[in-house]
Amino acid sequence: MKNLLNILVIFTSLGCINIANATPEQDKETFQRFYMERFPDVSKEDFGNGVYALDQDARDQWESMSDFPPYEDDLEAGEELFNNPFKNGKNYANCFKNGGENIRQNYPKFDTERNSVITLELAINECRMKNGESALPYQKGDIAKISAYMASTSEGSLIEIKVPNDNALIAYEEGKQYFYSKRGQLNFSCANCHIQNVGRKARSETLSPALGHPTHFPVYRMAWQNFGTLHRRFASCNKQVRAQPLAGQSEDYRNLEYFLTYMSNGLPINGPASRK
Amino acid sequence: MKIKSLLLSFLIFLSCLTTTVQAATQSQAKEAILTAHNLWDKTKTAGHEWNTIKPLMAQATQALQENDYITAIALAKKASTQSKLALVQAEREKTNWLNNLPK
């Protein structure tokens with residue numbers, strides 16, 4: 001009897017380890033398959049359109065304003081900011097591969113020397129500081145405009161996030177655990193809304209698939225009347241369940257972005273975009 | 001004369017009584033807030049802070065400053081209860097998150 005129990009314990013714990021130790025590639029397969037089986041009529045790349053991939057009425061409304069997107073001016077401002085030289089004569093192009101064009105799909109990156117996830121916004125600020133400029137506030141404002149412009153130069157490029165070594169895997173796993181952990185007074189995880197309840201309504205809003213979440217950021221939200229970065233959206237979602245939001249570019253948010261973006265590997269960049 | 005001094009000492013006794021009651025309540029309020037603060041800090045360390053706790057803490061501290069000890073204690077206790085629940089959540093989610101994976 002005792003032996004049987006031992007065997008049982010070993011087997012169940014093996015089971016747990018197996019689930020937890022699925023490789024990022026296996027995770028991604030399961031994640032993407034879940035949505036594609038759930039919404040067989042939605043093409044893979046259309047998941048990047050969020051709720052509009054699932055809700056035709058909302059999509060019609062949204063598409064009717066696509067000729068004059070509400071973010072046009074901010075996007076132009078972003079291009080200007082991007083090209084404006086710093087006081088030392090250099091500019092953003094000097095800090096990035098390919099002059100900063102068509103690179104959005106490779107962020108966030110894991111920096112193996114610093115053992116840290118580097119998001120595009122973090123890289124933008126590090127570029128500024130390296131050139132003697134002050135850091136911009138995260139979440140909104142100029143940094144979101146610059147990031148929006150950079151995203152626009154990646155239109156159609158497929159997201160390609162890599163997990164280069166064991167330390168990167170730790171960051172990835174931490175982001176994964178964050179995504180699936182219930183938090184806040186309402187005791188909801190990201191997955192509870194964006195996986196288990198995807199397509200259903202929460203108050204008046206259809207819940208978007210998490211597949212495709214990072215393809216189109218920064219997002220211009222009508223509710224904000226300006227661009228917000230992905231971390232600003234994380235903060236809004238934290239608040240919805242009465243969890244204390246974290247600071248933009250905090251380690252937990254960067255790891256979360258790393259995991260979430262890996263899940264969308266293979267989807268095309270289609271940002272910036274507008275949302276309610 | 002005798003009655004007068006008796007009355008006086010009684011009054012002094014009464015006033016002492018109220019100050020001790022008051023002192024006790026103030027230190028109780030301070031202690032309740034300190035306890036709540038420690039629990040709140042633990043939820044932050046655990047990465048499971050609720051955004052409902054911070055306002056309760058602010059209100060409790062405000063009530064303490066206004067010498068409204070009863071309110072301060074009530075709010076601090078409410079904050080403590082929430083922090084304890086957040087810590088239970090943090091503990092549970094250490095393993096429970098695995099049950100939320102898509103299949």
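As the structure is a computational prediction, the values presented were derived from the model and not from experiment. In what follows, chains carry the letters A, B, and so on, assigned in the order in which the sequence lines appear, proteins first and then strands, with residues in each chain numbered from 1.
- Note: A:G184 leads A:A191, A:G184, A:S189, A:P245 in heavy-atom pairs under 4.5 Å with chain B.
- Between the CZ atom of A:F179 and the CG atom of B:N100 there is a distance of 9.5 Å, given to the nearest 0.5 Å.
- Contact check for A:Q244 versus B:I53: no side-chain heavy atoms found under the 4.5 Å cut-off.
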Would you give me the side-chain donor-acceptor pairs under 3.5 Å for residues 72-79 of chain B, sequence neighbours excluded?
none

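- Identified by a heavy-atom distance below 4.5 Å to chain A, the contributing residues of residues 34-52 of chain B are B:G47, B:H48, B:E49, B:W50, B:N51, B:T52, in residue-number order.
- The stretch residues 194-207 of chain A places A:I195, A:Q196 near chain B, each with some heavy atom under 4.5 Å from a heavy atom of that chain.
- In this structure, B:L101 and A:K176 have side chains that are in contact, with non-hydrogen atoms separated by less than 4.5 Å.
- Heavy atoms from other residues, nucleotides or ligands lying under 6.0 Å from CG of B:N99 number more than 12.
- For B:I70, the CD1 atom counts as loosely surrounded, since its 6.0 Å shell holds 12 or fewer non-hydrogen atoms of other residues, nucleotides or ligands.
- Closest approach of A:Q185 and B:Q82 over heavy atoms only: NE2-NE2, 3.5 Å.
- Proximity to chain B at a heavy-atom threshold of 4.5 Å picks out A:K239, A:R242, A:A243 from residues 229-243 of chain A, in numerical order.
- The two residues A:K182 and B:E93 come nearest to each other via the heavy atoms N-OE1, 3.1 Å.
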